[in-house]
Structures are given as structure tokens and as C-alpha cells.
Amino acid sequence: MLEQGRIGTRQLSILIFMMVVGDMMLIYPSVITSYAKQDAWICALVGVPLGMALTLMFLKLCSLYPEENLIQISRSILGFWPGSLVSAFYLFFFVIGASTHTREVGDFLTSQIFQYTPIRVIILMFVITVGWGLYHGLETMGRSSELLMPILIVFILVLAFCLLPQIDPSNLKPATDTGVVPILQGILISIIYPVGELVPIMMIIPYTLKQAHRTRDVLMAAGLGNLLLAILVTISLLVLGAFLTQHNIYASFVLSQKINIGGFFERIEAIMASSWLISTYVKAMVYMYAFIVGCAELFKLKQYRILILPASLFIFGLANLVSPNLTFIVITVVPYWVDWDTTLSIILPGLLLLVHMFKMRWKNKPSG
């Protein structure tokens with residue numbers, strides 16, 4: 001195998017939790033509210049069990065070929081050339097995902113905190129840290145995510161509790177008044193954005209120790225991550241209202257600026273930024289890992305570490321080119337990213353499962 005390291009079920013679950021929260025922690029309330037308006041919190045909650053069902057489909061596909069990653073599974077099911085074509089499509093998704101997450105970090109930091117710092121400097125520093133994490137291998141990625149996850153959970157809970165005095169239930173009215181189509185779109189967003197982007201995990205599952213309750217723990221991690229995002233959406237709607245949530249792309253950051261308890265516990269948005277950077281860092285690292293290991297698998301290389309430097313340079317360049325500014329991402333990229341994610345996280349894995357089932361049925365069909 002390309003990866004000699006192994007991670008446990010707990011580390012896999014934590015990686016999944018961090019990926020679900022990921023960059024969504026900052027932009028998810030704005031994105032889902034732009035579709036479902038004041039009913040976004042309903043869509044977010046409905047998306048929790050549906051997202052767990054989608055995670056179960058990923059696990060089912062991996063369980064059919066327990067020793068193979070997504071690239072190998074595609075080739076095993078579809079054959080060498082069609083499988084290689086699907087694999088190349090996934091690798092393109094992984095590298096675009098990694099570069100987009102990197103660009104999001106650059107846009108956020110240069111627009112909100114380091115306003116006089118060139119974006120290329122931020123992107124370069126982020127890519128170096130991601131590459132450094134990848135160089136130390138999968139086990140180190142799993143252990144570092146274990147250390148960083150408590151910071152994330154504590155901050156989201158602090159954010160929720162500290163904003164309780166500022167909530168206004170009238171912001172959720174009128175409930176279910178947005179129409180069927182916007183609510184269905186909101187539910188699709190609640191599945192696709194947080195959980196649909198877990199596809200790179202299928203490049204990691206073969207290198208996970210086969211321990212008891214793995215399926216249960218992974219489903220709980222995906223569900224908990226999506227539930228925390230639903231809590232963020234609900235708090236954002238209760239405090240800011242649907243209009244302000246929709247038109248503040250960094251709604252969670254704005255929420256953290258509103259915290260003021262007794263005049264001494266305030267201005268904690270830097271902690272919010274740090275928490276978001278941690279989760280986005282883990283997500284970008286997993287995407288880049290999936291891209292590098294996938295390339296090594298596709299071209300039958302003996303190790304993947306030789307690809308870390310060229311891949312890091314490639315993602316640095318791509319992150320600078322993927323969008324000219326934040327407005328382009330909000331207006332152009334976000335609406336079409338839904339179709340992109342739907343194709344790669346629902347349609348293609350579903351087709352792979354169907355083709356496998358037909359092949360098994362055909363193979364077991366009695367001759368004559």
C-alpha cells in the first residue's frame with residue numbers, strides 16, 4: 001500500500017467531524033439562508049439525518065472493497081479505462097477543493113483581519129503548513145486533529161451560550177412561508193455542503209484500523225458536525241435575522257463580534273477566526289492528501305511523498321487563480337458548487353454502487 005501509517009476509528013471520526021464543520025463554520029449560515037430564508041434552521045436540522053444516510057452510502061461502498069481507496073474502487077467496478085476517467089474527475093475535484101479552501105482562508109484573513117497583507121503571503125503560509133502536515137503522514141494528521149478538535153467544540157458552545165441574551169424568536173417568523181422549492185433547495189444544501197464534501201475520506205478509510213463500532217462512530221461524527229452547523233444557523237437567524245445572515249458571508253464572525261457580557265467578555269472574534277482556521281486547515285489537508293495519494297495510485301507510483309512539493313506549488317498557484325476576489329466566489333462559485341458536489345458525492349458513488357450490484361447479480365446468475 002502507498003500509505004504505511006494507520007489511524008484508529010476515533011481519529012477517523014474526528015477527521016470526519018472536522019471536515020463537516022470545516023470552512024462551513026463561517027459561510028454555511030449565509031449560504032443556506034440565501035435559499036431558505038427564515039426557514040433555514042428547519043432545513044439544517046432536516047439535513048442532519050439525511051447527511052448521515054449519505055455518509056452510510058460512502059461507508060457501504062468502502063466496505064465492499066475494504067482494502068481499496070476510491071481510485072482502486074472505481075477501477076475495480078468500472079474497469080481500467082472508465083475507472084481511470086472517473087478517478088481523474090475525482091482528482092480534479094480534490095485539487096480544486098484544496099485550492100478553493102486555501103483561497104477562502106486568504107480572502108477571509110485579508111478582508112477581516114490582515115487588511116494590508118498581500119493575499120499571496122497568507123496563501124503561501126497556509127500551503128506551507130498544509131504541506132508540512134502531509135509530509136509527516138496520515139498518523140500525524142489524525143493525532144493533530146485529536147488535539148485541535150476540543151478548541152473547535154468549546155468555541156461553538158461558548159458562542160451559542162453567550163449569544164442567548166440577544167436572541168429574538170420573532171426572527172424565525174413567518175415559519176414555512178418561503179415555499180416548497182426554496183425549502184427543498186435548503187435541505188439539499190444542508191446535505192451537500194457539509195456531508196457531501198466528505199468524499200476524500202474514501203481515500204483514507206482503507207488505512208484505518210478495523211475496530212469495533214467504526215460505522216457507528218463515523219455516522220455519529222458526521223451527524224454531530226452537521227448538528228453543530230445547524231445550531232450555528234439557528235443562532236445566527238435568532239440574533240441577526242434572515243436578511244443580515246444572508247448578506248453577511250461571514251455570519252459566524254459577525255456573531256462573535258456581538259458577544260458582550262458585563263463589558264469584560266467581548267471582542268472574541270479572533271478566537272472565532274482561529275477555530276475556523278483549524279477546521280479549514282484539516283479539511284484542506286485531507287483534500288490535498290486525497291489528491292496526492294490518488295495521483296500516486298493512478299500512475300502506480302511506489303510512494304506519494306515525492307508529490308507533496310509539486311502539489312503544494314500547484315495548489316499555491318491555483319489558489320491565486322481560482323477566483324479574482326470574494327465577490328466572485330459568493331456570486332459565481334457558490335451557486336454552481338451545489339451541482340458539482342451533487343454529481344461527485346451522490347450521483348457518481350450511487351452509480352458505482354448500482355454497477356457493483358448489477359455485476360454481482362450477473363455473476364451469480366445461474367447459467368443455462
Side-chain angles (χ1 to χ4, degrees), residues 16-17 19-58 156 159-160 163-164 166-199 219-255 329-350:
I16 286 174
F17 172 83
M19 284 191 68
V20 170
V21 176
D23 58 328
M24 292 295 114
M25 183 174 160
L26 212 58
I27 65 173
Y28 182 65
S30 172
V31 172
I32 194 170
T33 307
S34 66
Y35 287 91
K37 305 298 186 285
Q38 71 271 10
D39 293 330
W41 66 279
I42 300 174
C43 300
L45 289 172
V46 171
V48 174
L50 295 177
M52 293 171 74
L54 181 59
T55 309
L56 190 61
M57 184 175 78
F58 296 155
I156 293 177
L159 183 71
L163 287 170
L164 286 178
Q166 300 186 39
I167 64 173
D168 181 6
S170 64
N171 286 330
L172 301 183
K173 297 175 183 178
T176 65
D177 193 45
T178 52
V180 176
V181 173
I183 287 180
L184 290 177
Q185 288 176 325
I187 291 172
L188 180 63
I189 293 292
S190 70
I191 305 166
I192 288 299
Y193 272 136
V195 181
E197 296 188 357
L198 283 179
V199 173
L219 289 178
M220 285 180 62
L224 179 61
N226 212 352
L227 181 62
L228 281 177
L229 291 176
I231 291 171
L232 271 180
V233 171
T234 308
I235 290 288
S236 185
L237 286 170
L238 286 168
V239 175
L240 297 177
F243 182 82
L244 287 177
T245 300
Q246 178 185 346
H247 292 91
N248 277 307
I249 185 64
Y250 303 128
S252 301
F253 189 71
V254 174
L255 283 175
I329 290 181
V330 174
I331 295 175
T332 307
V333 174
V334 169
Y336 294 103
W337 199 272
V338 182
D339 305 326
W340 182 229
D341 277 351
T342 304
T343 304
L344 286 149
S345 61
I346 295 180
I347 297 174
L348 280 181

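Residue indices begin at 1 and follow the sequence shown. Just so it is clear, the model here is predicted, and its values are computed rather than measured.
The closest side-chain heavy-atom distance from W41 to S236 is not below 4.5 Å. Using a 4.5 Å cut-off on side-chain heavy atoms (C-beta onward), P182 and D39 make no contact. Side-chain atoms of L224 and V48, non-hydrogen and from C-beta on, never get closer than 4.5 Å to each other. Using a 4.5 Å cut-off on side-chain heavy atoms (C-beta onward), L159 and L232 make contact. Side-chain atoms of D23 and Y28, non-hydrogen and from C-beta on, never get closer than 4.5 Å to each other. Here the side chains of M57 and L54 are in contact, with some heavy-atom distance below 4.5 Å. Counting heavy atoms from C-beta on, the side chains of T55 and L198 come closer than 4.5 Å. Looking at heavy atoms from C-beta onward, W337 lies out of side-chain contact with V31 at the 4.5 angstrom threshold.
To the nearest 0.5 Å, atoms CG (L45) and CG (L50) are separated by 11.5 Å. In this structure, I27 CD1 and N248 CG are separated by 13.5 Å, a value rounded to the nearest 0.5 Å. Interatomic distance, CG of L237 versus CG of D168, reported as 11.5 Å (0.5 Å rounding). Note that OH of Y193 is 13.5 Å distant from CG of L229, once rounded to the nearest 0.5 Å. Considering CG of L348 and CD1 of I346, their distance stands at 11.0 Å, rounded to 0.5 Å. Summarising the geometry, atom CD1 belonging to I192 is positioned 13.0 Å from atom CD belonging to Q185; distances are rounded to the nearest 0.5 Å.
The two residues K37 and A242 make their nearest non-hydrogen contact at C-CB, 4.0 Å. Pairing each heavy atom of P349 with each of F58, the nearest pair is CG-CE2, 4.0 Å. When all heavy atoms of L219 and L56 are compared, the pair lying nearest together is CD2-N, 3.8 Å. Shown here for I191 and G51, the closest heavy-atom pair between the two residues is CG2-CA, 4.2 Å. Considering all non-hydrogen atoms of both residues, A36 and G186 come closest at CB-CA, 4.3 Å. Of all the heavy atoms in P29 and T33, the pair that sits closest is O-OG1, 2.5 Å.
Between the side chain of N226 and the backbone N or O of G47 there is at least one donor-acceptor pair closer than 3.5 Å. Without hydrogens or angle criteria, S252 side chain to M25 main chain gives a donor-acceptor distance under 3.5 Å. A donor-acceptor pair under 3.5 Å is absent between the side-chain atoms of T245 and the main chain of S30, judged by distance alone. Using modelled atom types, one side-chain atom of S190 and one backbone atom of I187 make a donor-acceptor pair closer than 3.5 Å.
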Practice problem: List the steps and the verdict of side-chain contact (heavy atoms from CB on, under 4.5 Å) for I189 and C43. | Solution: CA-CA 8 Å; I189 293 292; C43 300; over 6 Å; no
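Within the structure, salt bridge (charged side-chain N to carboxylate O under 4.0 Å, His left out) contacts touching residues 189-199 (residues at least two apart or in different chains) are E197-K283. Pairs passing the ring pair (Phe, Tyr, Trp, His ring centres under 6.0 Å) check and including a residue from residues 231-251, sequence neighbours excluded, read F108-Y250, F243-H247.
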